[in-house]
2 protein chains.
Amino acid sequence: MDEAGQGDRAEQGAIPIRAARIQDVAKLADVSTATVSRALATPERVSPEARARVLEAIAKTGYVPNPAARTLRSQKTYMVLVVLPDLANTFFSKILRGIEETLFEAGYGMIISDLDGSPEKEAHFAAFTAAGRVDGAVLLNGHLFGQSREGEGQPARITIPLVALCEAIPGADIPQIEIDNRAAASRMTRHLASLGHRRIAYVSGPANNILERERFQGFKDGLEAAGLPYDPALILPGDYTIEAGVRAGQDLVARSTRPTAVFCTSDEMAIGLMRTLFSAGLRVPEDISVAGFDDIEFAAVAEPSLTTIHQPRRELGQAAASALIDLLQGRSSPKRIRLETELVIRDSVAPL
Amino acid sequence: MDEAGQGDRAEQGAIPIRAARIQDVAKLADVSTATVSRALATPERVSPEARARVLEAIAKTGYVPNPAARTLRSQKTYMVLVVLPDLANTFFSKILRGIEETLFEAGYGMIISDLDGSPEKEAHFAAFTAAGRVDGAVLLNGHLFGQSREGEGQPARITIPLVALCEAIPGADIPQIEIDNRAAASRMTRHLASLGHRRIAYVSGPANNILERERFQGFKDGLEAAGLPYDPALILPGDYTIEAGVRAGQDLVARSTRPTAVFCTSDEMAIGLMRTLFSAGLRVPEDISVAGFDDIEFAAVAEPSLTTIHQPRRELGQAAASALIDLLQGRSSPKRIRLETELVIRDSVAPL
DNA sequence: AAGTTGCATGTAATCGATTACATGAGGTTG
DNA sequence: CAACCTCATGTAATCGATTACATGCAACTT
């Protein structure tokens with residue numbers, strides 16, 4: 001409305017209304033726009049004198065290239081999409097940070113999509129991606145876009161580089177960055193068994209979740225290695241949340257014969273479960289040992305402190321971002337990167 | 001590498017390499033590109049027949065508008081930047097979710113910048129913003145961009161709509177969404193005093209932080225209201241992290257006369273502090289009461305469960321996003337929105 | 001019937017960069 | 001010395017949408 005008026009008047013005034021364009025820089029440096037562009041993108045192809053004049057003009061005008069124009073022409077956005085199932089989950093925040101810092105160093109920005117279990121959102125972000133708003137994506141949600149829908153017309157194929165982080169995507173020919181969930185779960189199970197526990201309960205992740213399947217396999221591996229029988233009655237359903245841990249705890253409290261140890265496949269569940277046990281007057285680890293998975297920040301300061309599997313979350317994020325950057329810049333990347341986990345022994349698990 | 005080869009061959013094959021453009025849709029629907037554009041942006045200005053043909057053509061081609069082209073012309077990105085001091089901090093994740101869901105509903109995407117205390121990053125994102133990559137920003141970091149630097153050339157003024165969330169920005173003429181930190185801190189202090197505590201310690205946030213200043217004022221208000229003296233020896237430095245709580249706990253443990261209650265200005269610090277007290281053989285709340293602030297997820301399941309101030313984090317995020325969207329769409333927004341907090345009484349605080 | 005209004009639509013300018021191609025200067029080679 | 005190459009630079013096409021302006025037609029007014 002009145003902006004136009006201001007714009008007209010501003011010519012003689014102090015406040016430049018429009019941001020400087022490449023043309024303004026070119027004029028000031030007395031070169032063509034092509035030279036300005038080259039001075040920034042490929043400085044070695046511009047004479048030192050011209051480059052100096054261009055840089056000076058840029059400093060003087062405060063020129064910042066218009067990303068939309070750049071993207072339109074070059075088809076590069078310097079943006080990466082990070083798809084995650086639940087932004088509010090503590091587990092992801094440090095991973096995100098690892099991703100963000102690595103992307104940032106390479107000049108990429110990060111767009112976050114919290115799917116929140118909504119297929120609409122997933123479709124939206126699939127379209128978003130197909131529209132070319134990002135150069136690549138990190139998938140933390142365990143599956144590719146739009147694998148569900150099939151219909152008339154092309155389903156907007158996504159052809160940009162992708163990497164899968166944490167939750168491997170079976171059959172997808174993209175780099176997978178993860179830990180060895182099966183080995184880690186087996187390790188924890190054997191640790192519990194080695195302390196004399198013979199009735200070990202297992203609080204699971206969501207059914208069909210790939211992490212869950214691997215950890216569950218690891219749990220069974222561990223039982224077998226320790227010569228313990230597998231008892232379906234000791235498998236409690238969960239979904240990695242605090243509330244699931246609380247519910248699993250209620251289940252246990254209500255039982256007449258209880259396990260002596262519980263392996264929760266997330267720290268959140270372990271903390272929720274311990275809470276319920278305390279409320280029922282049970283002690284950890286005296287009455288029942290509790291183990292977690294992930295080693296989130298609160299694991300070390302829980303009461304009692306939590307024996308768990310340490311996941312290098314920041315490094316996972318960094319590795320995923322690096323792999324993606326490799327792809328984006330035309331380099332190749334290993335198809336599978338597995339980072340080491342660590343069994344962290346604290347106070348929530350004790351010998352029988 | 002071999003992608004190019006595939007591209008060449010694909011011409012006669014099944015896979016369309018290029019995404020459909022508005023021209024393709026226009027041709028198929030037998031209308032001009034202008035009509036296609038209008039059919040999407042202002043459907044009421046297009047005849048029902050033309051609209052139907054356009055929609056059909058869009059469905060057939062899988063057309064998605066190119067955001068770069070759209071942004072270049074219309075100067076709208078439909079992107080919002082969220083600036084936060086620390087992505088790995090649990091406190092922010094639920095706020096982010098509130099922001100994200102509200103933005104999403106309004107058709108905006110969210111770009112996250114984790115400043116991580118780095119001035120470089122701040123400068124980068126200031127440039128990012130100045131370059132017009134986002135339509136607006138939510139600032140959770142307590143200050144505006146680039147208030148520090150002054151130099152030759154225009155410092156790339158940022159003129160897009162901004163809102164401040166949680167940490168108010170004094171003097172900035174932008175909507176501020178927050179809680180009444182002072183009143184909440186006062187409330188908690190009076191609660192502790194009402195239970196008979198007379199030596200109440202206070203674990204602070206970072207010096208100069210606006211939240212800290214307000215909460216500290218509230219603490220003093222509360223002391224005064226309860227007729228208690230202010231004792232500088234009972235003020236412990238902190239920065240809202242678990243580690244700061246641990247350190248404050250070590251300080252307390254080492255003292256000969258200890259306070260009977262500790263008011264930590266974040267739940268993280270309260271949890272870290274309790275951890276240290278336990279390790280030293282002290283009991284909460286029998287030996288010492290501990291109160292927190294924020295009511296993060298873990299507050300309810302900590303052992304003992306944490307008496308704290310509940311902040312409506314999701315609603316804060318939603319309110320900030322709504323305010324920003326109002327501004328982005330040319331509506332006005334209240335300059336100050338204060339959401340209600342709640343004193344949540346749990347087990348970590350007991351009468352003297 | 002002439003003039004006015006409003007609607008649906010098309011034409012083409014425009015946003016601001018990148019980059020293919022052209023040009024001319026200076027250097028090298030046979 | 002002609003032919004050729006290299007290098008720095010400029011010219012202008014291009015990316016794919018939005019939108020100002022123009023146009024043509026139908027309906028309404030007087």
Side-chain angles (χ1 to χ4, degrees), chain A residues 1 3-4 7 16-55 57-58 61-79 127-128 130-133 135, chain B residues 16-55 57-58 61-79 127-128 130-133 135:
Chain A
M1 299 295 136
E3 274 187 358
I17 290 296
R18 301 175 67 93
R21 294 158 306 163
I22 197 170
Q23 282 200 27
D24 306 323
V25 175
K27 197 166 293 175
L28 196 60
D30 196 28
V31 295
S32 71
T33 61
T35 299
V36 175
S37 182
R38 283 189 285 252
L40 290 170
T42 52
E44 73 280 3
R45 297 186 37 73
V46 170
S47 71
E49 303 78 45
R51 197 188 317 157
R53 286 208 312 280
V54 167
L55 292 180
I58 286 174
T61 55
Y63 168 73
V64 181
N66 181 311
R70 183 198 292 249
T71 296
L72 178 58
R73 178 67 227 244
S74 67
Q75 309 289 2
K76 288 192 187 308
T77 63
Y78 288 96
M79 278 287 155
F128 188 94
R133 292 183 85 134
D135 293 343
Chain B
I17 288 297
R18 301 175 66 92
R21 294 157 309 162
I22 198 169
Q23 280 200 28
D24 306 323
V25 174
K27 198 166 291 177
L28 195 60
D30 197 28
V31 295
S32 71
T33 60
T35 298
V36 175
S37 181
R38 284 189 285 251
L40 291 169
T42 52
E44 73 280 3
R45 296 185 40 72
V46 169
S47 70
E49 304 79 44
R51 199 188 315 157
R53 287 209 310 281
V54 167
L55 293 180
I58 287 175
T61 54
Y63 169 72
V64 182
N66 180 310
R70 183 198 290 251
T71 296
L72 178 58
R73 177 65 226 243
S74 67
Q75 309 290 359
K76 287 191 188 309
T77 62
Y78 288 97
M79 279 287 158
F128 188 94
R133 292 182 86 134
D135 293 344

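Sequence lines set the chain letters: A, B, ... in the order given, protein chains first and strands last, and positions in each chain run from 1. In what follows, every heavy atom counts, from backbone to side chain, and hydrogens, waters and symmetry copies are set aside.
A/Leu40 places a side-chain heavy atom less than 4.5 Å from the side chain of A/Tyr63. Side chains of A/Val54 and A/Val46 form no contact here, defined as non-hydrogen atoms less than 4.5 Å apart.
Taking both residues in full, the closest heavy atoms of B/Arg133 and A/Pro67 are given as CG-CG, 3.0 Å, listed atom of the first, atom of the second, then distance. Minimum heavy-atom separation, A/Leu72 to B/Ala68: N-CB, 3.7 Å. Across B/Ala39 and B/Arg51, no two heavy atoms sit closer than the pair CB-CG, 4.4 Å.
Rounded to an integer number of Å, the gap from CZ of A/Arg70 to P of C/dC15 is 19 Å. Rounding to whole angstrom units, CD1 of residue B/Ile22 and P of D/dC15 are separated by 15 Å. The distance from atom NZ of A/Lys27 to atom P of C/dG16 is 13 Å, rounded to the nearest whole Å. The CG-P distance, from A/Asp24 to C/dC15, rounds to 12 Å in whole Å. Rounded to whole angstrom, the span from the CZ atom of A/Arg21 across to the P atom of C/dT14 amounts to 12 Å. Computed from coordinates, the A/Leu72 CG to D/dG16 C1' distance equals 5 Å when rounded to whole Å. B/Asn66 places its CG atom 16 Å from the P atom of C/dG16, with the value rounded to the nearest Å. Atom CD in B/Gln23 sits roughly 8 Å away from atom P in D/dA17 (whole-Å rounding).
Side-chain N or O atoms of B/Arg53 include one that pairs as donor or acceptor with a backbone N or O of B/Ala29 at under 3.5 Å.
Over its length, the helix from C/dA1-D/dT30 to C/dG30-D/dC1 turns its helix axis by 40°, as judged from the five terminal pairs at each end, rounded to 10°.
Put simply, the side chain of A/Arg73 and the base of D/dT14 share a donor and an acceptor less than 3.5 Å apart.
The distance from the CZ atom of B/Arg70 to the CD1 atom of B/Ile22 is 9.0 Å, given to the nearest 0.5 Å. A distance of 15.0 Å separates CZ in A/Arg73 from CG in A/Asn66, rounded to the nearest 0.5 Å.
Ranking C/dT18, C/dG16, D/dT18 by closeness to the B/Ser74 side chain, first place goes to D/dT18.
For C/dT18, the OP1/OP2 oxygens have a side-chain nitrogen or oxygen of A/Ser37 closer than 4.0 Å. For B/Tyr63, no side-chain nitrogen or oxygen approaches OP1 or OP2 of D/dG16 to under 4.0 Å.
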Which atom pairs link the protein and nucleotides 5-11 of chain D when you take only N or O atoms and keep those under 3.5 Å?
{"residue": "D/dT9", "atom": "OP1", "partner": "A/Ser47", "partner atom": "OG", "Å": "2.7"}
{"residue": "D/dT9", "atom": "OP2", "partner": "A/Ser47", "partner atom": "N", "Å": "2.8"}
{"residue": "D/dT9", "atom": "OP2", "partner": "A/Ser47", "partner atom": "OG", "Å": "3.2"}
{"residue": "D/dG10", "atom": "OP2", "partner": "A/Ser32", "partner atom": "N", "Å": "2.8"}
{"residue": "D/dG10", "atom": "OP2", "partner": "A/Ser32", "partner atom": "OG", "Å": "3.0"}
{"residue": "D/dG10", "atom": "OP2", "partner": "A/Thr35", "partner atom": "OG1", "Å": "2.7"}
{"residue": "D/dG10", "atom": "N7", "partner": "A/Arg38", "partner atom": "NH2", "Å": "2.8"}
{"residue": "D/dG10", "atom": "O6", "partner": "A/Arg38", "partner atom": "NH1", "Å": "3.3"}

Show me the side-chain donor-acceptor pairs of residues 31-38 of chain B shorter than 3.5 Å, one per line, residues at least two apart or across chains.
{"residue": "B/Ser32", "atom": "OG", "partner": "B/Ala34", "partner atom": "N", "Å": "3.4"}
{"residue": "B/Ser32", "atom": "OG", "partner": "B/Thr35", "partner atom": "N", "Å": "3.3"}
{"residue": "B/Ser32", "atom": "OG", "partner": "B/Thr35", "partner atom": "OG1", "Å": "3.4"}

